[in-house]
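A note on names: the letters A, B, ... follow the listed sequences, proteins ahead of strands, and every chain is numbered from 1. Not measured: the values here are computed from a predicted model.
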Amino acid sequence: GAVVSQHPSRVICKSGTSVKIECRSLDFQATTMFWYRQFPKQSLMLMATSNEGSKATYEQGVEKDKFLINHASLTLSTLTVTSAHPEDSSFYICSARDQGRDTQYFGPGTRLTVL
Amino acid sequence: RKEVEQDPGPFNVPEGATVAFNCTYSNSASQSFFWYRQDCRKEPKLLMSVYSSGNEDGRFTAQLNRASQYISLLIRDSKLSDSATYLCVVTRFMDTGRRALTFGSGTRLQVQP
């Protein structure tokens, strides 16, 4: 079946540094990818929609200058958490839509810990 | 009011029991409905889609009531491996015309031997 990968799976960084997370669709092309964040014991919250070749669409309350999204190709979207702070520590999950199957597949997630 | 509401549980049931989860959604324009399963510290995985006519997949039965904006999941003959968090998910069209998934906060199920 379709696979979506994320890298890294886990990252620990110091406050003030930037962290880049990659999301790849491995066997299908994804014009749209989604970035979610999940805090402990809470639901997945959509942060932004990543559109290939155009600007990302951010959900209300998500700072676009802090969470930079680049969807440079049909198989890769990146999320960069700039100037990370401890409150940014969370589980970041991407998903990619396979238009052909009209199905959304999730990556395995990236656990970010900011010290 | 949250867009998708679920009882957080936990539901503690013995092996072999039948358990039912409910979910309500507030946006009457929601298009599609799903149940996802999420294991601890893992990504969510699609369990099944939910249709108005009801659908069954083995021990799992899902139902949708559009009039009441209510979705249910029934698990029969619970197994230890069913222990997980079950997420109710609805789709909505965004301003961009694209669809996005909206997740409930999940219902935790713990099946005990």
For this session: Could you have a look at A:Gln38, A:Gln6, A:Lys41, A:Met45 and say which one has the most heavy-atom pairs with chain B under 4.5 angstrom?
Result: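 Most heavy-atom pairs under 4.5 Å with chain B: A:Gln38.
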
Exercise. Chain B: which of A:Gly107, A:Gly109, A:Pro40 shares the most heavy-atom pairs with it under 4.5 Å?
Worked result: A:Gly107

Is there a continuous path of hydrophobic side-chain contacts, each under 4.5 Å between heavy atoms, that joins [X] to [Y]?
X	Y	result
A:Val4	A:Leu79	no
A:Leu74	A:Ile69	no
B:Leu73	B:Leu109	yes
A:Trp35	A:Phe67	yes
B:Ile75	B:Ile71	yes

For this session: Check the surroundings of atom NZ in A:Lys20: do more than 12 heavy atoms from other residues, nucleotides or ligands lie under 6.0 Å from it?
Result: no

Exercise. Around atom OH of B:Tyr51, are there more than 12 heavy atoms of other residues, nucleotides or ligands at under 6.0 Å?
Worked result: no

Problem set entry | B:Phe34 ring center near A:Phe106 ring center (under 6.0 Å) |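 So the answer is no for these two rings.
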
Exercise. Rounded to the nearest 0.5 Å, what separation is found between the CG atom of A:Leu46 and the OG1 atom of B:Thr102?
Worked result: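 So the CG of A:Leu46 and the OG1 of B:Thr102 are separated by 7.5 Å.
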
Exercise. Relative to chain B, which segment of A:Ile93 carries a heavy atom at a distance below 4.5 Å: side chain, backbone, both, or neither?
Worked result: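 Side chain only.
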
For this session: Measure distances from B:Gln38 to the heavy atoms of chain A and classify the residue's part below 4.5 Å as side chain, backbone, both or neither.
Result: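 Contact with chain A involves the side chain of B:Gln38 alone.
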
For this session: Could you look at B:Arg41 and say if it's the side chain, the backbone, both or neither that has a heavy atom under 4.5 Å from chain A?
Result: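 B:Arg41 touches chain A through backbone and side-chain heavy atoms alike.
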
Exercise. With side chains defined as the heavy atoms from C-beta onward, is the minimum distance between A:Leu44 and B:Leu87 less than 4.5 Å?
Worked result: yes

Exercise. What are the two closest non-hydrogen atoms of A:Phe91 and B:Lys42, and how far apart are they?
Worked result: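 Closest pair (atom of A:Phe91, atom of B:Lys42, distance): CE2-O, 3.6 Å.
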
Problem set entry | Residue pair B:Gly104 / A:Ser43: nearest heavy atoms and the distance that separates them | O-OG, 2.6 Å

